[in-house]
Amino acid sequence: MISPFAPASVLSKVILNNVQLEAVTHPEGPQLVFAGAGTGKTRVLTAKIAYLVENKNILPGHIFAATFTNKAAREMQRRVEDLTAISCTGLWIGTFHSLCARILRREAGAIGYTPSFSIFDADDQLSLVKKTAKDLKLDERTMPPRLLLHSISKYKNACISPRELEGKQANFFEQELIKVYSAYQKSLQRQQAMDFDDLITNCVYLLRDNDETLQRYQRLFKFVLVDEYQDTNRSQFYLVKLLAQAHRNIFVVGDDDQSIYGWRGAEVENILSFEKVFQGAKIFKLEQNYRSTQAILNFANAAIEPNNCRAAKRLWSSRETGDRVVVMRYRDDRHEADAIGDSISRAIGGGVKGGDIAILFRTNAQSRLFEECLRKRRIPYVLVGGTGFYERKEIKDCCAYLRLLVNPKDDVSCGRILNVPSRGIGDKAREILVEQAGRTDRSILETLLDERTEYTGIRGVKGIEDLRSVFSLLMELNARHEPPQEILKEMLTLTGYLDMLEDEGSEESASRIENISELTSALASWAQENPEKGLASFLEEISLVSDIDKWNKSEDTVNCMTLHCAKGLEFKTVYIVGCEDGILPSRQNFDDEAKIEEERRLLYVGSTRAMESLVIAWADQRWRFGSIMPGAPSRFLRPIPVELYHFSDLSAEVDIREKPTRPAAREPAAAIRRSSAADFDDFSQETVHYRVGQHVVHHLYGQGEIVNLSGFGVDMHMTVKFSDGSRRRMMAQFAKFEQG
DNA sequence: TTGTTTATTCTTTTT
DNA sequence: GAATAAACAA
């Protein structure tokens, strides 16, 4: 098949099985690759791009490839360059969001935007929804802003504009929702801002409503490729369809069993109905798994089996059978973390690399105990996700200032920093500014910068003047194209932001200062690497990076992350923890069968990350919301045939741990384990007899009632309300009560 | 107007 | 337990 005139072709550099090869070399038209977990999906996609570039002479700049993360995009591009030895800088590869942002910056004018529009993140969105709902005098209780935002997002993901909803039959909530949606969109437009969803939908509207533009992009993108197609939402589907409908060269890869983003609008139907939508599509099915042992695959296959809504397929592995999956039962979440800490420590002592190990959990909140346990044992680890760098207050404040320089119409950013650091601009002053701005049809910052604006009856005039002079100067610096990090530094001193933090003198403020200096250097090095790009593109970049983008696999660090985050990754050893009803599946999805199925896919995704060893853990009880909740093993474990795993109960677990076959270098860990066991004893014997509501008599303060208890053992604190009305927080182990 | 304390809800998961 | 909102004091 391979032309003899293309000697060192891409195909000779990548090992592909028959189906993979067929998919890569299939010439034109719509193509769908069903790629089960670990079947070499990325390899196929990469080879396909390389094949197009090298064998089909398509310029990299004429390929549109949507990946799930920017990190995947970067790696794929590098790999393609390796394979073809052709520079792929022009390649359109990235997440849907960044690709759309790229298009929209070029075409902004056509949809009434300037190229320097702001991108609103979840925080910004929420604060705008809150403001909008408040303006419409909606009650926060009956109309929770989060629900409003979620519903708006749902409309947008399905590409339904407020216009299309007007006059629709709707209940009270929907009526109000539509009003909010409409006002929210207007407000975004007025501020020259787009939220994440807008990046896609506006792109769709742009192409749908501008024939010339559409044709231009259809001609530009000779091939459209989409990774993780099962996680695309309807607006992304429209986008892809618009781009590909002329030449029909669309190549998508995905696995319906790994669809775990339904909650943010992804529609599995996109992949299941691909054949119908793109008539004559060629379908490929990758079922040979190269990643996991047969034992792990059997377990994963059995786990996903009960799902009704899926395309038929069955993964098989040519690898050895391997060890049986282990299901561990623990006393509580502490025990779980502790024992897994031990197990990891033992494994590392036995020569396993920390980087080959992953701890996967359903919710970010579960990470804390594992972090503690790993830290205690001095095992290096990395937590992927959680509160990211760019979500910290101080960083967001700095970015808000920078954003305002790029886009002075950004009222959300302006509202954020108006009184940060505090300069006496309170609710009153804010109100007057907003009102003035509305009357003159300008943004808050524009109003503020106008010296003619009158402020009657405001105490914070001084603060407003301060802010005005700061901004005039910063804007001047920006206009002169001073280095962005210098502008940031100016801001920090002029506004007194740094002084504010320094005066505070706390540990927290010190770390804030550190973060800010990290931001400054990040900005400086970015400016050096991208001299031709503006501040706007720095801000875009940081708002579109995901947690996983920043993660780098390192040899010795144990990886902790959510199950969602783990998609697409693989590790030799995987622990899936907190495998309990209420957590996996989440309690909130109990009443919805479709959501339960998605949760089950989550277990499937997690399980198929493991190459050699898979441990599933659950605990009898667990701290949640500050109190102990009983736990039961996940319902997902029930239908799995018992012969597919090894069940280890508490007593059996103790046996394993007491086996005298430990390597020598384990003293520190053993010592720690002893002390944590002591904590347990302490908890059960010393302090368990306190309970909320209990009446006590203190030797100094007299009669009182325990109103709150927190912590374990020596860490246990209690809040006691005394008869004189005072409340005192004290450590349980030191509290002196009289008998009675 | 600011900072404190208290009450309430809250968490899934993320571009 | 933690973050946020409301309530309250200064």
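So you know, we letter chains A, B, ... as the sequences are listed, proteins then strands, and number each from 1.
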* **Check ion pair Arg310(A)-Asp256(A) (N to O, under 4.0 angstrom)** => no

* For dT14(B), does OP1 or OP2 lie under 4.0 Å from any side-chain N or O of Thr562(A)? -> yes

* Asked: Roughly how many Å is it from CG in Leu126(A) to P in dC10(B), rounded to a whole number?
  -> 12 Å

* Any residue meeting salt bridge (charged side-chain N to carboxylate O under 4.0 Å, His left out) with Arg234(A), in chain and number order, not counting sequence neighbours -> Glu267(A)

* Interatomic distance where CZ belongs to Arg362(A) and P belongs to dT13(B) [whole Å] -> 7 Å

* **Charged N-O contact under 4.0 Å between Lys462(A) and Asp466(A)** => yes

* Mind calculating the distance between NZ (Lys567(A)) and P (dT13(B)) to the nearest angstrom? => 16 Å

* Name of the residue among Asp124(A), Asp121(A), Asp397(A) meeting salt bridge (Lys or Arg N to Asp or Glu O under 4.0 Å) with Arg403(A) -> Asp124(A)

Taking only N/O atoms, report every protein-nucleotides 4-7 of chain C pair under 3.5 Å with atom names and distance.
from	atom 1	to	atom 2	distance (Å)
dA5(C)	OP1	Lys130(A)	NZ	2.8

* Nearest-angstrom distance from the residue atom NE2 of His564(A) to P of dT13(B) -> 9 Å

* Toward the 5' end of DNA chain B, by each residue's nearest nucleotide, Thr69(A) or Ile583(A) -> Ile583(A)

* Is the shortest side-chain N/O distance from Asn364(A) to OP1 or OP2 of dT13(B) below 4.0 Å? -> yes

* Residues Glu598(A), Arg601(A): salt bridge by 4.0 Å N-O rule -> yes

* Can you tell me the distance, in whole Å, between the NZ atom of Lys154(A) and the P atom of dT15(B)? => 21 Å

* **Given dT13(B), dT11(B), dT15(B), the nucleotide with the shortest approach to the side chain of Thr95(A)** => dT15(B)

* To the nearest Å, give me how far apart CG (Leu603(A)) and C1' (dT13(B)) are. => 15 Å

* Asked: Any stacking of Tyr261(A) on dT13(B), going by centres under 5.5 angstrom and planes within less than 30 degrees?
  -> no

* Is Lys41(A) salt-bridged to Asp255(A), going by a charged N under 4.0 Å from an acidic O? -> no

* To do: Rounded to the nearest angstrom, tell me the gap between atom CD in Glu228(A) and atom P in dT15(B).
  => 13 Å

* What's the CG-C1' distance between Asp123(A) and dT15(B), to the nearest Å? -> 14 Å

* Asked: Is any side-chain heavy atom of Arg635(A) closer than 4.5 Å to a side-chain heavy atom of Pro585(A)?
  -> yes

* Asked: Between dT13(B), dT15(B), dT11(B), which nucleotide gets closest to the side-chain atoms of Ala365(A)?
  -> dT11(B)

* When you get a sec, tell me which of dT13(B), dT15(B), dA2(C) is the closest nucleotide to the side chain of Arg368(A)? => dA2(C)

* To do: For dT1(B), take OP1 and OP2 only and decide whether either is under 4.0 Å from a side-chain N or O of Asn419(A).
  => no

* Structure fact -> Side-chain atoms of Ser422(A) come closest, of dT15(B), dA2(C), dT2(B), to dT2(B)

* Does a side chain donor of either Glu599(A) or Asn589(A) reach within less than 3.5 Å of an acceptor in the other side chain? -> yes

* Indicate, with a heavy-atom threshold strictly under 4.0 Å, whether Arg601(A) touches base, sugar-phosphate, or nothing. => nothing

